[in-house]
A.B. asks: 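Have a look at this one before I ask anything.
None of these values were measured; they are calculated from a predicted model.
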Amino acid sequence: MSQLAWQKSSFSTGDSGECVELAINAAGDVYFRESDQPAQVATTNPAALRVLLRGIKTGDLTPRA
(Lines give C-alpha, C1' and ligand atoms only; values in the text may rest on other atoms or scores of the structure.)
Protein backbone atom coordinates (compact mmCIF):
# COMPACT_ATOMS: atom_id res chain seq x y z
CA MET A 1 0.00 0.00 0.00
CA SER A 2 2.99 2.32 0.39
CA GLN A 3 3.09 2.73 -3.39
CA LEU A 4 -0.24 4.56 -3.46
CA ALA A 5 -0.28 8.19 -4.55
CA TRP A 6 -2.50 9.88 -1.94
CA GLN A 7 -4.44 12.96 -3.00
CA LYS A 8 -6.07 15.54 -0.74
CA SER A 9 -9.31 17.25 -1.52
CA SER A 10 -9.09 20.60 -3.26
CA PHE A 11 -11.19 21.85 -0.33
CA SER A 12 -8.43 20.94 2.13
CA THR A 13 -7.34 23.91 4.20
CA GLY A 14 -3.64 23.12 4.05
CA ASP A 15 -1.66 22.05 7.07
CA SER A 16 -4.52 21.59 9.51
CA GLY A 17 -4.31 17.80 9.11
CA GLU A 18 -8.04 17.41 8.93
CA CYS A 19 -8.92 16.12 5.53
CA VAL A 20 -9.71 12.93 3.72
CA GLU A 21 -7.15 11.58 1.31
CA LEU A 22 -7.91 9.21 -1.56
CA ALA A 23 -5.77 6.87 -3.61
CA ILE A 24 -6.50 4.23 -6.24
CA ASN A 25 -4.43 1.19 -7.10
CA ALA A 26 -3.87 -0.43 -10.49
CA ALA A 27 -6.80 -2.82 -9.92
CA GLY A 28 -9.20 0.10 -9.40
CA ASP A 29 -9.63 -0.31 -5.64
CA VAL A 30 -10.20 2.98 -3.85
CA TYR A 31 -8.44 3.69 -0.57
CA PHE A 32 -9.32 6.53 1.75
CA ARG A 33 -8.01 7.74 5.07
CA GLU A 34 -8.08 10.66 7.46
CA SER A 35 -4.88 12.61 7.01
CA ASP A 36 -4.18 12.84 10.74
CA GLN A 37 -4.54 9.03 11.11
CA PRO A 38 -2.75 7.73 8.00
CA ALA A 39 -2.36 4.18 9.31
CA GLN A 40 -6.14 3.66 9.35
CA VAL A 41 -7.13 3.00 5.75
CA ALA A 42 -10.52 1.92 4.40
CA THR A 43 -10.97 0.30 1.01
CA THR A 44 -13.93 0.38 -1.33
CA ASN A 45 -14.75 0.35 -5.02
CA PRO A 46 -15.59 3.32 -7.24
CA ALA A 47 -19.34 2.51 -7.42
CA ALA A 48 -19.74 2.36 -3.63
CA LEU A 49 -17.73 5.54 -3.15
CA ARG A 50 -19.89 7.28 -5.76
CA VAL A 51 -23.05 6.29 -3.82
CA LEU A 52 -21.53 7.54 -0.55
CA LEU A 53 -20.48 10.89 -2.04
CA ARG A 54 -23.87 11.35 -3.70
CA GLY A 55 -25.59 10.68 -0.38
CA ILE A 56 -23.38 13.19 1.42
CA LYS A 57 -23.94 15.87 -1.22
CA THR A 58 -27.71 15.44 -1.33
CA GLY A 59 -28.17 14.93 2.41
CA ASP A 60 -29.86 11.60 1.79
CA LEU A 61 -27.81 9.83 4.44
CA THR A 62 -29.70 9.46 7.66
CA PRO A 63 -28.20 8.37 10.95
CA ARG A 64 -29.30 5.03 12.32
CA ALA A 65 -31.62 5.22 15.29
A.B. asks: Counting N and O atoms only, with roles assigned by atom type, does the side chain of S35 sit under 3.5 Å from a partner on the main chain of C19, one being a donor and the other an acceptor?
C.D. replies: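 A pair under 3.5 Å: yes.
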
A.B. asks: Does one hydrophobic cluster hold both L4 and V41, with members joined at side-chain heavy-atom distances below 4.5 Å?
C.D. replies: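 Looking at the clustering, V41 is in the same group as L4.
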
A.B. asks: Pairs under 3.5 angstrom only: tabulate donor-acceptor contacts from the side chains of residues 46-57 to other protein residues two or more places apart or in another chain.
C.D. replies:
none

A.B. asks: Give the table of side-chain donor-acceptor pairs shorter than 3.5 Å for residues 20-27, with sequence neighbours excluded, one pair per line with atom names and distance.
C.D. replies:
residue : atom : partner : partner atom : Å
E21     : OE1  : R33     : NE           : 2.7
E21     : OE1  : R33     : NH2          : 3.1
N25     : OD1  : A27     : N            : 3.0
N25     : OD1  : G28     : N            : 3.0
N25     : OD1  : D29     : N            : 2.9
N25     : ND2  : D29     : OD2          : 3.1
N25     : ND2  : Y31     : OH           : 3.2

